[in-house]
Q: 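Take this structure, written in structure tokens, and hold onto it; I'll ask about it next.
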Amino acid sequence: METPKHPLPPGAGDRETGSRGRRRCPFRRRGTSNGIPQEGGENSLHQLLEAFVSAGRVDHVAMVMGLHPQYLSSFWKTQYLLLRMDGPLPYHKRHYIAIMAAARHRCSYLVGLHMGEFLQVGGNPVWLQGLHCAPQKLRNLNEINKLLAHRPWLITKEHIEALLKPGEDSWSLAELVQALVLLTHYHSLASFVFGCGIKPEEDQDVGNSCWPPSPHSDSSPASDDSMGGSGGTDTMQEVEVLMERMKLLQENQWEEEGVTQEEMATRFELEKTESLLVPSSDILDPSLQSNIRCFLEDPEFGYKDFTRRGEQAPPTFRAQDYTWEDHGYSLINRLYPDVGQLLDEKFQVVYNLTYNTIAMHCGVDTSMLRRAIWNYVHCVFGIRYDDYDYGEVNQLLERNLKIYIKTVACYPEKTTKQIYTQFWRHFKHSEKVHINLLLLEARMQAALLYALRAVTRYMT
């Protein structure tokens, strides 16, 4: 079944099976088929071969994303446009911005990758000695880089105004929009790298490019522990409980049509409060590699929970007041042609990506689960959809999964193999990668919404 051949009118919402018919999609819906290719196989091989031909190698990020070839294709098109096609910023500055963004999350994988790319496109090696050696114009991005990475809700039109202020080191609006997209792209890509445990390129063992499957996963090697014993039983039960909850929510979806806006708002605030499951990132690790430390100013600055006792919480970002589909998309497309369409395609592909399976079950409508994950990521960044019942998040996302989502989305450098293996222990490795793709895109869209809202306020 295909989606409509035109964008839905504002407020038309998500008409997927299982929705209540009043939910807004986080992207512009255009005509794309829902026939998603199967995992792996010839499609994946074709994508990897394309990458090898164009880049001379296939990096570990592409290998892991290759489990979902339709997404990989969309991701590549966007990244290629950002880094290699015509745009307001020179190529070497694009790679330097990528380094600055990745350094905020101590992502040595991406920092190292783009230091090499920076030199290949003619960047000045002196700049790689640290941020203090870069031109002032790039150094001026430090504040907005820091906020976008950790607390995007603090970005105001004054931050935009300061960067665009006339002078020798001022940014043009088109340059700044490209920089904002690059920063959010690499902050969220750092989440994906840490979330999947992607290892440096020096490790050429293809089978060792990221964390292995969970101990009880269907895709575990035969040599792993058998499914017998309490561990296997518990994980099997985990799947059945999730299936039953999805079924109950779908059966009861029409009964809650009368829920008041006040009750919906209360459920959002409760979910935001309950997201305080993971301790905030501690101060900078003194053993941090010098090649990352030198690109950081104010390294102790990190994500901070909204709901702390005795502190004034920032105002909730009400999604309907500034949406991607009605505001962000058109602003980016006006100032940075083509990238808006590619970002929108990428959001849409991952949000709708489904093989209609959950663990060992086939023919499953997973739209409700995907929406819960997406909206939970936005929730921990303070964004509320007033037409979504956040009670569903508590029903569908068990505690270990919430801990994993919040860690990867908010302070990915704290991600451990343990929290990766503790959630969805009986699910396929590719399904866990799918979770990380949802996290990547939901996080990127959340940060972009805050940044673009500030740009819009500056312009008006």
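Along the sequence shown, the residues carry numbers beginning at 1.
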Q: If every non-hydrogen atom of Cys107 is compared with every non-hydrogen atom of Ala190, which pair is closest and at what distance?
A: CB-CB, 4.0 Å
Q: Has Arg151 got a side-chain atom pairing as donor or acceptor with Gly302's backbone, closer than 3.5 angstrom?
A: yes
Q: Got a second to check how far Phe347's CZ is from Ser74's OG, nearest 0.5 Å?
A: 10.0 Å
Q: With rounding to the nearest 0.5 Å, note down the distance linking CG in Leu141 to CG in Leu176.
A: 7.0 Å
Q: Less than 4.5 Å apart, any side-chain heavy atom of Lys406 and any of Tyr411?
A: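 With C-beta onward as the side chain, the pair touches.
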Q: Quick one: does Thr456's side chain have a donor or acceptor within less than 3.5 Å of a partner on Leu452's backbone?
A: yes
Q: Please evaluate residues Arg453 and Ile155 with respect to the criterion side chain to side chain contact (heavy atoms under 4.5 Å, CB included), reporting the C-alpha separation (whole Å), side-chain torsions for both, the decisive distance (0.1 Å), and the verdict.
A: CA-CA 9 Å; Arg453 183 179 68 170; Ile155 294 173; over 6 Å; no
Q: Between CG of Leu131 and CE of Met100, what distance do you get to the nearest 0.5 Å?
A: 5.0 Å
Q: Give the C-alpha distance, both sets of side-chain angles, the deciding distance and a yes or no for side chain to side chain contact (heavy atoms under 4.5 Å, CB included) between Lys146 and Glu297.
A: CA-CA 9 Å; Lys146 181 177 76 173; Glu297 291 180 5; over 6 Å; no
Q: Does the side chain of Trp171 come within less than 4.5 Å of Leu89's, by heavy atoms?
A: yes
Q: Please evaluate residues Asp321 and His327 with respect to the criterion side chain to side chain donor-acceptor pair (under 3.5 Å), reporting the C-alpha separation (whole Å), side-chain torsions for both, the decisive distance (0.1 Å), and the verdict.
A: CA-CA 9 Å; Asp321 292 342; His327 306 96; over 6 Å; no
Q: Under 6.0 Å between ring centres, would you say that holds for Phe381 and Trp374?
A: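 Centroid distance Phe381-Trp374: not below 6.0 Å, so no.
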Q: Do you know which of Tyr322, Phe317, Trp324 makes ring pair (Phe, Tyr, Trp, His ring centres under 6.0 Å) with Tyr450?
A: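 Passing option: Phe317.
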Q: Do any N or O atoms from the side chain of Thr316 and from the backbone of Arg318 form a donor-acceptor pair under 3.5 angstrom?
A: no
Q: Decide yes or no for Arg384 and Tyr390: does some side-chain heavy atom of the first lie under 4.5 Å from some side-chain heavy atom of the second?
A: yes
Q: To the nearest 0.5 Å, how far apart are CG in Leu448 and CG in Leu183?
A: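 Rounded to the nearest 0.5 Å, the CG-CG separation comes out at 10.0 Å.
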Q: Can you check whether Leu82 reaches Arg94 side chain to side chain, under 4.5 Å on heavy atoms?
A: no
Q: Got more than 12 heavy atoms from elsewhere within 6.0 Å of NZ, Lys157?
A: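 No.
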Q: Determine whether a donor-acceptor pair (N or O, by modelled atom type, separation under 3.5 Å) exists between the side chain of Glu117 and the backbone of His95.
A: no
Q: Under the ring pair (Phe, Tyr, Trp, His ring centres under 6.0 Å) criterion, do His185 and Phe75 qualify, and how do the steps go?
A: CA-CA 10 Å; His185 177 82; Phe75 176 86; 5.4 Å; yes
Q: When you measure from the side chain of Tyr404 to the backbone of Gly195, do you find a donor-acceptor pair of N or O atoms at a distance under 3.5 Å?
A: yes
Q: For Glu168, look at atom CD and say whether over 12 heavy atoms of other residues, nucleotides or ligands are found less than 6.0 Å away.
A: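 No.
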Q: Minimum heavy-atom separation for Val380 to Val377, with atom names?
A: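 So the minimum-distance heavy-atom pair works out to CG2-O, 3.1 Å.
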Q: Answer yes or no: is there a side-chain heavy-atom contact under 4.5 Å between Leu128 and Ile99?
A: yes
Q: Decide salt bridge (Lys or Arg N to Asp or Glu O under 4.0 Å) for Lys77 and Glu345; before the verdict, give the C-alpha distance in whole Å, the side-chain angles of both, and the deciding distance to 0.1 Å.
A: CA-CA 10 Å; Lys77 283 189 289 185; Glu345 176 189 311; 3.0 Å; yes
Q: List the steps and the verdict of side chain to side chain contact (heavy atoms under 4.5 Å, CB included) for Leu440 and Val350.
A: CA-CA 10 Å; Leu440 185 164; Val350 79; over 6 Å; no
Q: Under a 3.5 Å distance rule, please check whether Asn375 uses its side chain to pair with a backbone N or O of Tyr388 as donor and acceptor.
A: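 No.
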Q: Could you walk me through whether Ile332 and Asp344 pass the side chain to side chain contact (heavy atoms under 4.5 Å, CB included) test, one step at a time?
A: CA-CA 11 Å; Ile332 284 192; Asp344 185 63; over 6 Å; no
Q: I want to check something: taking the side chain as every heavy atom from C-beta on, are Tyr329 and Thr323 in contact at a cut-off of under 4.5 Å?
A: no
Q: So does Tyr420 get a backbone contact from the side chain of Lys432, meaning a donor-acceptor N/O pair under 3.5 Å?
A: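 Answer holds: yes.
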Q: For Pro88 and Tyr336, which heavy atoms make the closest approach, and how far apart are they?
A: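 Minimum heavy-atom contact is CD-CE1, 4.1 Å.
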Q: Quick check: closest heavy atoms across His60 and Tyr109, and the distance to 0.1 Å?
A: N-OH, 3.5 Å
Q: Under a 3.5 Å cutoff, is there a donor and acceptor pairing between the side chains of His150 and Arg104?
A: yes
Q: Trp424 vs Phe427 aromatic rings, parallel, tilted or perpendicular, using cut-offs 30° and 60°?
A: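 Answer is parallel, since the angle falls under 30°.
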Q: Is a side-chain donor-acceptor pair under 3.5 Å present for His434 with Tyr355?
A: no
Q: Main chain of Asp389, side chain of Glu392: is a donor-acceptor contact present, judged purely on distance under 3.5 Å?
A: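 Judged by distance alone, no pair lies under 3.5 Å.
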Q: Might you point out which heavy atoms bring Asp338 and Asn333 nearest each other, and give the distance in Å?
A: N-OD1, 3.7 Å
Q: With no hydrogens and no angle check, is any side-chain donor or acceptor of Thr184 less than 3.5 Å from a backbone partner on Leu180?
A: yes
Q: Quick one: closest heavy-atom pair of Asn356 and Thr354, and the distance?
A: N-OG1, 2.9 Å
Q: Side chains of His159 and Thr156: is there a donor and an acceptor less than 3.5 Å apart?
A: yes
Q: Are side-chain heavy atoms of Phe192 and Ile198 found at a separation under 4.5 Å?
A: yes
Q: With sequence neighbours excluded, what pairs up with Arg443 under the side chain to side chain donor-acceptor pair (under 3.5 Å) test?
A: His105, Ser191
Q: Could you measure the distance from the CD atom of Glu175 to the CG atom of Leu164? Nearest 0.5 Å is fine.
A: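 One gets 9.5 Å once the value is rounded to the nearest 0.5 Å.
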Q: Relative to Phe194, does Arg106 satisfy both conditions: NZ or CZ under 6.0 angstrom from the six-membered ring centre, and within 45 degrees of the ring's axis?
A: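 Geometry flag: not set, cation outside 6.0 Å or 45°.
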Q: Taking Thr366 for its side chain and Leu369 for its backbone only, find out whether a donor-acceptor pair lies under 3.5 Å.
A: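 Answer holds: no.
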Q: Less than 4.5 Å apart, side chain to side chain, heavy atoms only: is that true for Ser188 and Glu441?
A: no
Q: CD of Glu431 to CG of Leu67: how many Å apart, nearest 0.5 Å?
A: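 Spacing of CD (Glu431) from CG (Leu67) equals 11.0 Å.
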Q: Over 60° means perpendicular and under 30° means parallel, so tell me whether His92 and Trp127 are parallel, tilted or perpendicular.
A: tilted
